[in-house]
Amino acid sequence: MELLIEDGHVYTDGEAVEADVGVRDGRIAEVGDVRDADRVLDASGCLVLPGMVNAHTHASMSLLRGYADDLPLDRWLEEHIWPIEAHLEPQDIRVGAELAAVEMIRTGTTAFADMYFGMDEVADAVDVSGLRASLGYGIITVGKDDDEAREELNEGVGFVREYDGAGDGRISTMLCPHAPYTCDEQTLREAARAARDEGVTLHTHLSETDGEVRDSVDSHAERPPAYLESLDFFDGDVYVAHGVHLDGDEIEMLANRGVGVAHCPSANMKLASGTAPVAEMLDAGMTVGIGTDGPASNNTLDMFKETRHTALVAKSREGDASVVPAREALDAATRGGAELLGTQSGVIAEGRPADIAVVDLDAPHLTPRHSLVSHAVYAANGGDVVHTVVDGEVLMEDGHVETVDAGRVTAEAEERARRLAERTEAEA
Ligand SMILES: [Zn+2]
């Protein structure tokens, strides 16, 4: 074996069992009693989980963390985020993605889906960090003429062609028209067709706010899901982010079309967008993953918090404490997200990619150990993660990130974020 994760409580098949995990050629070779390996990670007194999968984020927005808070989505975007984003330089996007990568590795996230611009910088940061990711250029055509709109789509397709399979196969790509309200009709239709032609996933924001639904009815005489359906948007491999304002018929239609959803409870609560009907989505058979959304609207990338919120928000919304139990939330954060990203990870089983997060249980808030699955969802946080492994490579051991110089990245991020804010305010 190349790697042995020794003596842990391993989450497999819905329960935590005492076992070692042996890794060979980047894949889980054995779950059981494993001996002899080139490298050993001590997992005694630890919970060994499949790595968390962040199914929807905008990693480089970590530089905007705390820049503007306590506003609804439209004012937050238009008055603060878009003006500062206009001043982002490629190196800012690079450092923002590196900062996000360090945070994800430290909090047990092993794979993420990202939609932004300057995505070649994000891809390079992913490559160096050792993380797994599905990446797409966020296509926006609002305020652009036909030629510029075509260039946006070309940028998205060009990125797909250049980066699919990069990072020793850890990087996959998607086509990402940003949202039905930021892209024109022709671009939405052509992006969907291009995703089918290129054989990649199509990903967009959908029905995030009540205002978005009302505007869609005003502009297209249809709610967002019906509008996209009329553009053959759901004919291929598609998943959407949010789905806060989906009704029962829309959930059924999306489930029948095999459309998945990245549920982002923290961002939805913070921007007061509402609470997504995640229990209904799961009941309808939709593939549900969990995302943090960008670190400027969350404001962390800690998937443990997001998993806890997934369970709690569902119970609160339905007035029923039995909906979305711990195991269901944990599976959405791992296996569900992995399915959306099109990776085989998200499960600890022989033959699967070795993407693993090890949680140290030696803490007052994780005592006593009646149920480790309960602890993973309701009591643990990202700071409890001690080892992170992706593709069989150790990205963090005992809290030390091995692939990226965390001190250099945080210092550079602080400095670049300060200069970025100064440039933006000088113009305002
Ligand atoms: Zn988003």
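Both ligands and their constituent atoms are indexed starting at 1 by order of listing. The figures here come from the full heavy-atom set of this structure, side chains too, leaving out hydrogens, waters and symmetry mates. Remember, it's a predicted structure, so these values are computed and weren't measured experimentally. Index from 1, following the sequence.
Evaluated for a salt bridge (charged side-chain N to carboxylate O under 4.0 Å, His left out) with Arg416, the options Glu422, Glu98, Glu89 yield exactly one hit, Glu89.
For the Zn ion (ligand 1), the set of nearby N, O or S atoms under 2.8 Å includes one belonging to His205.
Ring orientation note: the planes of His203 and His56 are nearly perpendicular, at an angle over 60° on the 30°/60° scale. Between Tyr67 and His80, the ring-plane angle classifies as perpendicular under the 30° and 60° cut-offs.
Residue Leu131 comes nearest to Val126 through the heavy atom pair O-CG1, 3.5 Å, listed as atom of the first residue, atom of the second, then distance.
With respect to the Zn ion (ligand 1), Asp293 has OD1 as its nearest N, O or S atom. Nearest N/O/S atom of His58 relative to the Zn ion (ligand 1): this is NE2.
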